[in-house]
Amino acid sequence: MKQLLIYDRPTPLNRDIHRHLRVQARPGDFRFSAQVNSVPLAASEFARASADFPIVFAGDEQPVPAALVGLRANENLMTDAEGRWRDGAYVPAFLRRYPFVLAEKPDSDDFTVCLDAAFAGLGGEHGEPLFTDSGEDTPLLKNAVAFLGEYQQHLRRTRDLVARLKEHDLLVPKVMRVEPQGDEAFQLHGFSVVDETRLQALKGKPLQELLRSGDLGFIYAHLVSLSRIERLTVQLDARRAAQPAH
């Protein structure tokens with residue numbers, strides 16, 4: 001079973017063990033995400049992602065914003081058979097950081113930089129090294145670590161957003177109905193959305209807090225995105241039509 005959705009074997013980077021490891025970039029190859037139907041999002045991504053995907057909140061105790069990229073289990077509608085992402089569609093940062101990831105250290109606020117040891121672009125004579133001969137970070141690793149650090153900051157901002165949504169009791173369970181052409185309709189559930197009626201009822205300090213923090217913009221991007229379920233349904237119909245009949 002995969003950990004962290006797309007990571008098979010996240011392994012802590014070690015300057016000694018991985019001194020001569022090379023990473024070969026595979027731009028445009030998203031085959032590693034072909035079997036996920038939702039991808040975590042940071043709040044800062046809502047505006048751009050809302051043009052392409054429904055944004056929902058997955059989980060009960062600690063809801064996580066997620067972009068729906070598929071409507072059936074183990075199917076990403078945004079990738080084709082060669083792993084190419086759909087032209088023009090937003091690629092979430094969660095996927096763009098692959099094969100790198102940060103892992104929290106136990107009982108600490110610090111993180112360990114990890115690499116998916118199952119990444120197809122590891123090893124061999126080709127690619128770029130992660131460390132110099134003297135053990136220093138190469139530009140490739142420095143850029144990756146900088147991106148991970150920035151992403152982690154956006155995640156902290158996202159947790160603040162979710163905390164305020166829970167504080168004001170704005171999240172409610174949602175069921176979405178999907179009606180594919182030539183097939184039975186089915187339902188998507190197991191996630192929450194912001195309740196517009198409750199949002200409109202907010203007044204005074206709670207509403208001012210959402211305005212001052214910038215959360216209101218994130219909320220409206222989320223609400224607008226929910227209509228993108230129709231776009232995903234069209235993509236599902238197109239994929240089914242392209243599959244050979246059995």
*Stepwise, does the side-chain contact (heavy atoms from CB on, under 4.5 Å) test hold for Thr233 with Glu179?*
CA-CA 7 Å; Thr233 304; Glu179 300 182 352; 5.6 Å; no
Shortest non-hydrogen contact from [X] to [Y]?
X: Leu140; Y: Pro129; value: CD2-O, 4.0 Å
X: Ala103; Y: Cys114; value: CB-SG, 3.8 Å
X: Arg231; Y: Ala51; value: NH1-O, 2.6 Å
X: Ala185; Y: Pro180; value: CA-CD, 4.1 Å
X: Leu199; Y: Leu216; value: CD1-CD1, 4.1 Å
X: Val64; Y: Pro40; value: CG1-CB, 4.2 Å

How long is the span from the [atom1] atom in [X] to the [atom2] atom in [Y], to the nearest 0.5 Å?
X: Leu130; Y: His20; atom1: CG; atom2: NE2; value: 12.0 Å
X: Leu122; Y: His18; atom1: CG; atom2: NE2; value: 8.5 Å
X: Leu95; Y: Trp85; atom1: CG; atom2: CH2; value: 5.0 Å
X: Leu155; Y: Gln153; atom1: CG; atom2: CD; value: 10.0 Å
X: Lys203; Y: Gln208; atom1: NZ; atom2: CD; value: 12.5 Å
X: Phe53; Y: Arg48; atom1: CZ; atom2: CZ; value: 8.0 Å

*Full working for side-chain contact (heavy atoms from CB on, under 4.5 Å) between Leu236 and Arg240*: CA-CA 6 Å; Leu236 176 62; Arg240 288 166 53 87; 3.9 Å; yes
With side chains defined as the heavy atoms from C-beta onward, is the minimum distance between [X] and [Y] less than 4.5 Å?
X: Leu165; Y: Ile219; result: yes
X: Pro63; Y: Leu171; result: yes
X: Val39; Y: Leu5; result: no
X: Phe57; Y: Val193; result: no
X: Ile6; Y: Gln35; result: no
X: Asp16; Y: Arg19; result: yes
X: Arg159; Y: Gln62; result: no
X: Phe186; Y: Leu71; result: yes

Heavy-atom neighbours of [X] [atom1] exceed 12 at 6.0 Å:
X: Tyr90; atom1: OH; value: yes
X: Lys166; atom1: NZ; value: yes
X: Glu167; atom1: CD; value: yes
X: Gln152; atom1: CD; value: yes
X: Asp183; atom1: CG; value: yes

_Check this for me, if you would: do Asp80 and Arg239 make a salt bridge, where the nitrogen-to-carboxylate-oxygen distance has to be below 4.0 angstrom?_
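Arg239 and Asp80: not salt-bridged.
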*Determine, using the 4.5 Å side-chain heavy-atom cutoff (strictly less than), whether Leu41 and Phe147 are members of one ILVMFWY cluster.*
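Unlinked, Leu41 and Phe147 end up in two clusters.
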*Do you reckon Leu223 sits in the same ILVMFWY cluster as Leu211, going by side-chain contacts under 4.5 Å, direct or chained?*
yes
*Can you name the residues that form a side chain to side chain contact (heavy atoms under 4.5 Å, CB included) with Gln187, not counting sequence neighbours?*
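Result, side chain to side chain contact (heavy atoms under 4.5 Å, CB included) vs Gln187: Val175.
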Examine distances only and state if a side-chain atom of [X] and a backbone atom of [Y] form a donor-acceptor pair shorter than 3.5 Å.
X: Tyr7; Y: Phe100; value: yes
X: Asp8; Y: Ala118; value: no
X: Ser225; Y: Ile55; value: yes
X: Arg31; Y: Gly83; value: no
X: Arg96; Y: Val91; value: yes
X: Thr158; Y: Ala43; value: yes
X: Asp237; Y: Gln181; value: yes
X: His168; Y: Leu202; value: no
X: Asp116; Y: Arg9; value: yes

*How about Phe46 and Tyr220: are their ring centroids closer than 6.0 Å?*
no
*Would you sort out whether Asp215 and Arg157 count as a salt bridge (Lys or Arg N to Asp or Glu O under 4.0 Å), showing the intermediate values?*
CA-CA 10 Å; Asp215 288 345; Arg157 174 68 182 83; 2.7 Å; yes
_Verdict with supporting geometry, Phe94 and Tyr151, ring pair (Phe, Tyr, Trp, His ring centres under 6.0 Å)_ = CA-CA 8 Å; Phe94 182 89; Tyr151 182 63; 7.1 Å; no
*Can you list the steps and then say if Leu68 with Ser38 is a side-chain contact (heavy atoms from CB on, under 4.5 Å)?*
CA-CA 4 Å; Leu68 293 183; Ser38 66; 4.1 Å; yes
*For side-chain contact (heavy atoms from CB on, under 4.5 Å), just list the numbers for Thr138 and Thr132, CA-CA rounded to whole Å, side-chain angles, deciding distance to a tenth of an Å, and then say yes or no.*
CA-CA 6 Å; Thr138 62; Thr132 65; 4.0 Å; yes
_Which residue is it: Val224, Leu232, Leu226? I am looking for the one with a side-chain contact (heavy atoms from CB on, under 4.5 Å) to Arg228._
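When side-chain contact (heavy atoms from CB on, under 4.5 Å) is applied between Arg228 and each of Val224, Leu232, Leu226, only Val224 qualifies.
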_Parallel, tilted or perpendicular, as decided by the 30° and 60° cut-offs, for the rings of Phe32 and Phe30_ =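 Geometry flag for Phe32 against Phe30: tilted rings.
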